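Working notes, beginning with the structure itself.
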Amino acid sequence: MTRPARAVLHASALRHNLDRVRAAVPHSRVMAVVKADGYGHGLAETVAALAAADAFAVASVEEGLRVRAAGATGPVVVLEGPFAADDLALARRERLDLVVHSPEQLQLLEQAGPGRGIGVWIKLDTGMHRLGFEPEAAAAVHRRLDRCPAVTAIGWLSHLACADTADAGPTRAQLETFHGALGGLPGPRSLANSAAVLRHPATHLDWVRPGIMLYGVSPFPDSTGPELGLQPAMGLHTRLIAVHRLPQGAAVGYGGAWVCPEPMPVGVAAIGYGDGYPRHAPSGTPVLVGDRPAALVGRVSMDMICLDLRQAPAARVGDEVTLWGGALPVEVLARHAGTIGYELLCSVTARVAREKA
Ligand SMILES: *Cc1c(COP(=O)(O)O)cnc(C)c1O
């Protein structure tokens, strides 16, 4: 196997970023969010690197089983809770804690027979209007779960819709709604995602749930991870497989969508949308060739992209190409491609080789 496209995982960056979270939340415990294969970084490697977290959080019971298989012995929280009764049985067997966000899930727990106890987190909808019980239902839901023989511990969580935006108003309102709904009800509380860890200390409460910042990527649209003291945990790299000297007027790639404005070197790098490089990245999107800046030209193909090498005139076949990582944060590519770092990290496909730094 010699295809040069590869994603390089920096485990030391994950550990550094967890320390950065700890420094920001000295009074809260940390639930490291590792859903979607550790945001595309590889679940087992991510769980191993973040072993010092107080808990892990995943989207589904399937993902929770994989966290256990990776060797995690502490709490594992399933953020969307059980999808059906068999999820409940698996969660009990593997000691996964379940979020309960709906009347259907509440019924599943009420119907569970005796057996190993299960920890639950009641999810309230404090304003995002995606998942969760109405705040007014908090006490009643708590009463019903408290009566379930299967339930041993109950916590509270909610999710913030706007913690990454400049306007703090919606976050403040959600926090107030959360406090108002819970009053003196017992149990640990959790509200903060990465953006709130960094910008909204009042939301830190008992447990924070950072995801993206652990991977060294900014949750905010106007900054990068390194600017926030984070270290990017993934680099996406490949190599040049051809370099051409094209004349003025030569059209490059599918549709001839980009035309050389002058005689110039154009490189071909072995990576494309079949690897998770975004097809919508436009001409001009920055790339590094070695440590020289280069720019995408023409349409992204499935397996290849073409590069303007005018600023890297000495570039040769075999030279390293960085799509993101190092001096090129994934947030920069995301901005050019009209998406967010989260999506790019999760989109790296299975055919891309994984390497440890
Ligand atoms: C994904 C997720 C998080 C983590 O969000 P980031 O923005 O990546 O920090 C936290 N809580 C819930 C419920 C989530 O689904």
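Each ligand, and each atom within it, is numbered from 1 in the order the structure gives. This structure is a prediction, so every number in the text was calculated from the model and none was measured.
Taking a 4.0 Å cut-off on heavy atoms, Pro219 fails to register as neighbouring ligand 1.
Across Lys35, Arg209, Met128, heavy-atom proximity to atom 2 (C) of ligand 1 is greatest for Lys35.
Side-chain contact check for Arg189 and His179: no donor-acceptor pair (N or O, by modelled atom type) lies under 3.5 Å.
At a threshold of 4.5 Å between non-hydrogen side-chain atoms, the residues Ser218 and Ser223 count as touching.
Arg130 has no carboxylate O lying under 4.0 Å from a charged side-chain N of Asp125, or vice versa, which leaves the two without a salt bridge. Glu320 and Arg6 are joined by a salt bridge, as a carboxylate oxygen and a charged side-chain nitrogen come within less than 4.0 angstrom of each other. Salt-bridge check for Arg292 with Asp319: failed, with every basic side-chain N at 4.0 Å or more from each acidic carboxylate O.
Considering backbone and side-chain N/O atoms, Gly211 comes within less than 3.5 Å of an N/O atom of ligand 1. The shortest N/O to N/O separation between Tyr39 and ligand 1 falls below 3.5 Å. The N/O atoms of Lys123, backbone and side chain alike, include none that comes under 3.5 Å of an N/O atom in ligand 1.
Trp121 and Trp207 have perpendicular rings, their planes meeting at more than 60° on a 0 to 90° scale where under 30° would count as parallel.
Checking Asp37, Val61, Val58 one by one against Arg66, the side chain to side chain contact (heavy atoms under 4.5 Å, CB included) holds for a single residue, Asp37.
The protein atom (non-hydrogen) at minimum distance from atom 7 (O) of ligand 1 is Tyr342 OH, 2.6 Å. When hydrogens are left out, the protein atom nearest atom 12 (C) of ligand 1 is His159 CE1, 3.4 Å; that is the closest non-hydrogen contact. The protein atom (non-hydrogen) at minimum distance from atom 9 (O) of ligand 1 is Ser194 OG, 2.5 Å.
Which parts of ligand 1 touch Ile212 is read off a 4.0 Å heavy-atom cut-off, strictly below it: atoms 6 (P), 8 (O), 9 (O). Residue-ligand proximity, Leu79 to ligand 1, at heavy-atom distances under 4.0 Å covers atoms 12 (C), 13 (C), 14 (C), 15 (O). Listed by atom number, the atoms of ligand 1 under 4.0 Å from Pro210 heavy atoms are 9 (O).
Hydrophobic clustering (ILVMFWY, side-chain heavy atoms < 4.5 Å, transitive): Tyr254 and Val259 are in distinct clusters.
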